[in-house]
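Since the model is a prediction, treat every value here as computed from it, not as a measurement. Chain letters run A, B, ... following the sequence lines, proteins first and then strands; every chain starts at 1.
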2 protein chains.
Amino acid sequence: MCSEFDLIHRYFKKSHTDAILGIGDDAALIANTPGCELALSTDTLVSGRHFFADTDPYQLGYKSLAVNLSDMAAMGAKPRWAMLSLTLPEDLAKHPSWLAKFSEGFFVLADKYRVQLIGGDTTAGPLAICVQIIGDVSAGQALRRSGAKPGDDIWVSGQIGSAALALQHECRQIILESDEFTQCLPALLAPVARVELGQHLIGLAHSAIDISDGLLADLGHILANSGQAACINMDALPCAPALKKRLQQPIALQCLLAGGDDYELCFTAPGSRREAIDRLAVALQLPLTRIGEIVNGTGLTVKDAQGNPITMEIKGYDHFRT
Amino acid sequence: MCSEFDLIHRYFKKSHTDAILGIGDDAALIANTPGCELALSTDTLVSGRHFFADTDPYQLGYKSLAVNLSDMAAMGAKPRWAMLSLTLPEDLAKHPSWLAKFSEGFFVLADKYRVQLIGGDTTAGPLAICVQIIGDVSAGQALRRSGAKPGDDIWVSGQIGSAALALQHECRQIILESDEFTQCLPALLAPVARVELGQHLIGLAHSAIDISDGLLADLGHILANSGQAACINMDALPCAPALKKRLQQPIALQCLLAGGDDYELCFTAPGSRREAIDRLAVALQLPLTRIGEIVNGTGLTVKDAQGNPITMEIKGYDHFRT
């Protein structure tokens, strides 16, 4: 079978142009662009927790990078480099095509964004994938969670809840029609990180976050970090028709408000930017929807079509909440 | 029990001074020192593979950072920031003191080197610790594996083989006296990353690597990356008396030549630097021992006291070698 070094060379060592030193030494060397700061983030995917053990390796390679790209998107940063720590059961390391497919999925996305894999680690053990992403962003310009201001519109990109809906269907908690499932599944398997959107929001948005744990939880982080409250309109939330028509079911409502894993961006911007943001939506061919408003105070209120507050017991995904 | 966010706030969020943005957003923000490059590395420790499942959490926190600091040492870089991805079984997350002790061990070492934890990830799953380390090094000055030149002396810091010897004792493959075990155990539990040494070797050494997989394997990386061969003298290898007196046993020889996990540095330097390196050893109160020489050609020859080549079947640690 392949050695650890063979694995790295065969599947992960690619030529690269703008790292000073890539894979193959004790550390990689990079330099940031003058006038830029470096944005760094890491996300781990664990078998049985973030994905089913039999998930297609191509999709796993793709998604492990996508969720990290999403963190760059949420900062408005341009992703540039990645490191990959792969913990791999021996049967998968022995499997001739598993790593080939995993690396293919990873590099399809890496190449799309010109992200270079500059280092990492391969270890035997229970399947887990830890990716670190490094990007750059103009000094002082990064989109933080802490910048929301009273009066800001709250926006969401794309549609939310589709990934959670597809997952609930797979878990037989909800039954979708075959075409509905087909429409929602890509959000779960191959989420699109809103990298271009994030970079274009610099100068427009006051704050941003990616929706990985669910709208309420992630918007809640913006509110907590900004010291603000918010009011959102249930009817305005953009979601797939398959979800919209089931919103009377509590589990569907849960998908919409607390279903993570969509990796859309939630951001806030002053009302003066509405036209610019609408133009951006057209330019990127990506729906951007106003879902509510930042207000003074604390807490997050969800209102129905009549403007009445809805009371709910809903939480975002938390690994250690019982 | 604690939520994921409570865990992060309680145990891992510390104030920091020179990151632009630390824990608590989608990414951390840093800027490198003008004239410096950034060195980045990552190392994962997996339960049952790199440590026993019942390892003291303080030591685990300590060691998970130490092995990463060692990569900075091997580049001659000054470690500055770290990210921590912790995959934690629910029983440990619930355990009141496990995380407290883990973070205490981690921060004892982080504080010693003024390394700031700027981000990470907590996930439920089989225990694994993935640390990313980021340091800086003067532009163009990093110690690479590829710089060894014919005629270079080969040096090793400290003593090698102690960590492997202690592990073999714990696995009952070798029986040490109690005081011998006590002397070797710290190398296994709390290895000292040679961070100061690495930084001082800039301008002196042509190449460097940390000995994590064993002397032969790691020196082998220098040779492969530099396109050179080497000849080392068995008798010159610095090791603990407990190991020295057992070198007739194959398993002890294996500890010396292929026992990783000591995190000493192996480096090469021209003969003209011998005096400077000897002075450095005195200044750092750290033995630095010449163990051989880089020569033209390919391969790694080990010679006995009489200068005769020794033939051995020994490999360094490889996660996927059967």
Side-chain angles (χ1 to χ4, degrees), chain A residues 1-5 7 20-21 24-32 37-44 46-50 71-72 74-75 77 81 83 85 87 90 93 118-126 128 130 132-135 137 139 142 144-146 209-210 225 318-322, chain B residues 1-5 7 20-21 24-32 37-44 46-50 71-72 74-75 77 81 83 85 87 90 93 118-126 128 130 132-135 137 139 142 144-146 209-210 225 318-322:
Chain A
M1 76 183 285
C2 282
S3 79
E4 181 180 353
F5 304 104
L7 291 182
I20 297 162
L21 183 64
D25 214 303
D26 293 289
L29 295 171
I30 62 171
N32 62 338
E37 294 162 1
L38 286 165
L40 299 100
S41 185
T42 180
D43 257 321
T44 301
V46 176
S47 181
R49 179 67 57 163
H50 299 90
D71 285 318
M72 295 292 98
M75 300 300 286
W81 301 285
M83 295 199 291
S85 298
T87 304
E90 295 191 10
I118 55 171
D121 193 39
T122 53
T123 304
C130 181
Q132 298 86 47
I133 188 101
I134 304 115
V137 56
R144 302 182 179 206
R145 296 177 178 180
S146 56
I209 193 168
D210 67 325
N225 286 31
D318 186 322
H319 290 284
F320 298 106
R321 185 80 68 182
T322 41
Chain B
M1 74 181 287
C2 281
S3 78
E4 179 181 353
F5 304 103
L7 291 183
I20 297 162
L21 184 64
D25 214 303
D26 293 290
L29 295 172
I30 62 172
N32 61 338
E37 293 161 1
L38 286 165
L40 301 101
S41 184
T42 180
D43 257 322
T44 301
V46 176
S47 181
R49 179 67 56 163
H50 299 90
D71 285 318
M72 295 292 99
M75 299 300 286
W81 302 285
M83 297 200 291
S85 299
T87 305
E90 294 190 10
I118 55 171
D121 192 40
T122 54
T123 304
C130 180
Q132 298 85 48
I133 188 97
I134 305 114
V137 57
R144 301 183 179 205
R145 297 178 178 179
S146 55
I209 193 168
D210 67 325
N225 286 31
D318 186 321
H319 290 283
F320 297 106
R321 182 82 64 182
T322 41

Measure across A:R145 and B:G24 and return the closest heavy-atom pair with its distance rounded to 0.1 Å. NH1-O, 3.4 Å

Less than 4.5 Å apart, any side-chain heavy atom of B:E37 and any of A:L21? no

Sort out for me which of B:L40, B:V46, B:V137, B:T44 touches chain A most, counting heavy-atom pairs under 4.5 Å. B:L40

With respect to chain A, which residue among B:I134, B:D43, B:D71 yields the maximal number of heavy-atom pairs within a distance under 4.5 Å? B:D71

For A:A28, which residues count as a side-chain contact (heavy atoms from CB on, under 4.5 Å) partner, sequence neighbours excluded? A:I118

A:R49 vs B:T87, test: side chain to side chain contact (heavy atoms under 4.5 Å, CB included). Steps then yes/no. CA-CA 11 Å; A:R49 179 67 57 163; B:T87 305; over 6 Å; no

Nearest-0.5 Å distance that lies between atom OG in A:S41 and atom CG in B:D25: 9.5 Å

One option among B:I209, B:L38, B:N225 has the most heavy-atom pairs under 4.5 Å with chain A, and it is B:L38

Pick from A:A31, A:A27, A:A128, A:G135: which one has the most heavy-atom pairs with chain B under 4.5 Å? A:A27

Test side chain to side chain contact (heavy atoms under 4.5 Å, CB included) on A:L29 and B:R144 and set out the steps. CA-CA 10 Å; A:L29 295 171; B:R144 301 183 179 205; 4.0 Å; yes

For A:T42 and B:G120, work out which heavy atoms get closest and say how close. CG2-CA, 3.6 Å

Quick one: side-chain contact (heavy atoms from CB on, under 4.5 Å) partners of B:A74, sequence neighbours excluded? A:D26, B:D210, B:L265

Which heavy-atom pair separates A:Q132 from B:C130 by the least distance, and what is that distance? NE2-SG, 3.9 Å

